[in-house]
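Here is the structure we will look at, set down as structure tokens.
Just so we're clear, the structure is a prediction, and the values are computed from it rather than from any experiment.
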Amino acid sequence: MQKLHTLELNAHTNLSPGSWSADNLRRLRPLRALSLILPDRNVAQVLGAFFKHQSRTGDTAGGTETPPPGSLELEEFSVLCRESPVINDSVIRSISPYLAESRLTSLAFAGCAKLTGEPLLELLPKLPHLRHLALEACNLDPSFYDQIADSLSHLQSLKLTHPGPRHPALPAFFPALEKLLDGLPNLTAFTLYHSGAASDGRREWPVLPVEFLHHFAATSGPRIRKFEVSGILTSVEGVEILSNGSPRLRNLVLHLSADFDLVCAGYVTAPYRRCSS
């Protein structure tokens, strides 16, 4: 497949006995987009060698461990783990030398339970072309957002996960998130979601603080086009704050509790009118 440039792969090598080998990845021609779904340990262990091969054009790597800047053609890279521990800090460190100073514009890690902010603090400032970042259900302390806030000024979209209504890090989460958003002058799309459930199986809904929406509307609101908050309850007052502060908003996803009395869609510029349904 000499013209292959985009690959989405169920990256579990044991779906059936002898189905395929992770070493096959090392033979792929340079890709522009790669998505790994549920990678197993075999794939995680070969990623360093895979990226080393992907970054070579002829023998430009010269036998060194650090590739020439910009030698990697990859522009989009995403990994969906679903709470798997195999994509962890050591794996990210093994591929960081090849991602650094690359053409990467989109990076996403989801459900990587053992991935902390430590290797990301080293990698993200070295991605000058990064525009889209998703860090979902990873092991990130709120202090990570404080530390990385000054390194992502080129971001246009950001997707993160709420820690949960009972998580000990919750008090520090929104202040750290506000600081991060303050350092993103080009942000036009923001997504925050929560998908957790209580120990008895019943869903616990966190609430989006009105104070956060005031801050968001005043700083990011004038340029935001997409605002998505899923699995987190938002008040009607919060909707009004966001709408009044976001004149360019085109894509809005929110969760309202059943006891909220939502007014009609034209309430921002017209007198309040009750919806008929």
Side-chain angles (χ1 to χ4, degrees), residues 80-83 108-113 115 117 132-146 148-149 152 155-184 187-246 248-263 265 267-268 275:
L80 173 61
C81 290
R82 199 163 64 183
E83 304 306 317
F109 294 108
C112 303
L115 176 58
H132 311 286
L133 177 63
L135 299 173
E136 309 171 53
C138 297
N139 188 18
L140 301 177
D141 187 85
S143 61
F144 166 77
Y145 304 118
D146 281 326
I148 203 64
L152 298 174
L155 275 192
Q156 296 174 359
S157 70
L158 177 65
K159 187 173 185 179
L160 300 174
T161 307
H162 189 289
R166 299 181 183 274
H167 198 282
L170 180 58
F173 176 73
F174 280 102
L177 180 56
E178 289 179 0
K179 182 176 179 181
L180 172 59
L181 293 172
D182 288 348
L184 306 180
L187 192 73
T188 60
F190 174 67
T191 300
L192 181 68
Y193 82 96
H194 175 66
S195 59
S199 57
D200 58 5
R202 293 182 299 176
R203 188 183 185 94
E204 289 190 276
W205 294 84
V207 177
L208 194 66
V210 170
E211 297 79 10
F212 170 76
L213 283 171
H214 271 296
H215 187 94
F216 185 91
T219 55
S220 302
R223 59 186 174 275
I224 204 72
R225 292 180 176 272
K226 175 183 177 181
F227 186 88
E228 180 178 353
V229 175
S230 181
I232 305 167
L233 295 183
T234 305
S235 66
V236 172
E237 178 187 2
V239 179
E240 182 180 8
I241 293 168
L242 180 65
S243 299
N244 285 331
S246 307
R248 298 185 179 183
L249 191 62
R250 296 294 181 269
N251 192 330
L252 178 64
V253 179
L254 296 172
H255 274 171
L256 300 175
S257 177
D259 59 351
F260 289 151
D261 187 10
L262 183 63
V263 294
Y267 74 93
V268 175
C275 292

Next item on the list: Take E204 and R166, measure what side chain to side chain contact (heavy atoms under 4.5 Å, CB included) needs, and give me the verdict at the end.
Entry: CA-CA 9 Å; E204 289 190 276; R166 299 181 183 274; 2.5 Å; yes
Note to self: side chain to side chain contact (heavy atoms under 4.5 Å, CB included), that's the test. Do L252 and L242 meet it? Break it down for me.
What the structure shows: CA-CA 10 Å; L252 178 64; L242 180 65; 3.6 Å; yes
Do [X] and [Y] come close enough that some side-chain heavy atom pair is under 4.5 Å?
X: E240; Y: V236; answer: no
X: S220; Y: L184; answer: no
X: L181; Y: Y145; answer: no
X: V253; Y: F227; answer: no
X: L192; Y: L208; answer: yes
X: L180; Y: D146; answer: no
X: W205; Y: I232; answer: no
X: F109; Y: L80; answer: no

Next item on the list: For side-chain hydrogen bond (donor to acceptor under 3.5 Å, both in side chains), just list the numbers for Y193 and E136, CA-CA rounded to whole Å, side-chain angles, deciding distance to a tenth of an Å, and then say yes or no.
Entry: CA-CA 9 Å; Y193 82 96; E136 309 171 53; 3.3 Å; yes
Notebook entry, point to check: Under the 3.5 angstrom rule, does the side chain of S246 hit a backbone N or O of L249 as a donor-acceptor pair?
Noted result: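 Looks like no, no N/O pair under 3.5 Å.
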Check: Between the main-chain N or O of K159 and the side-chain N or O of T191, is there a donor-acceptor pair closer than 3.5 Å?
Finding: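 Not confirmed, T191 side chain does not pair with K159 backbone.
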Mind checking the [atom1]-[atom2] spacing from [X] to [Y]? Nearest 0.5 Å is all I need.
X: L140; Y: T161; atom1: CG; atom2: OG1; result: 8.5 Å
X: H214; Y: I241; atom1: NE2; atom2: CD1; result: 3.0 Å
X: L158; Y: L177; atom1: CG; atom2: CG; result: 7.5 Å

Note to self: Evaluate L213 against T234 for side chain to side chain contact (heavy atoms under 4.5 Å, CB included), listing each step before the verdict.
What the structure shows: CA-CA 10 Å; L213 283 171; T234 305; 4.1 Å; yes
Next item on the list: Assess whether ring pair (Phe, Tyr, Trp, His ring centres under 6.0 Å) is satisfied between H162 and F173, documenting all intermediate values.
Entry: CA-CA 8 Å; H162 189 289; F173 176 73; 5.8 Å; yes
So, for [X] and [Y], which heavy atoms are closest and what is the spacing to 0.1 Å?
X: P206; Y: G231; result: CD-O, 3.4 Å
X: H132; Y: S157; result: ND1-OG, 2.7 Å
X: L256; Y: L233; result: C-CD2, 4.2 Å
X: D182; Y: H215; result: OD1-NE2, 2.8 Å
X: R248; Y: P222; result: CD-O, 3.6 Å
X: I224; Y: F190; result: CD1-N, 4.0 Å

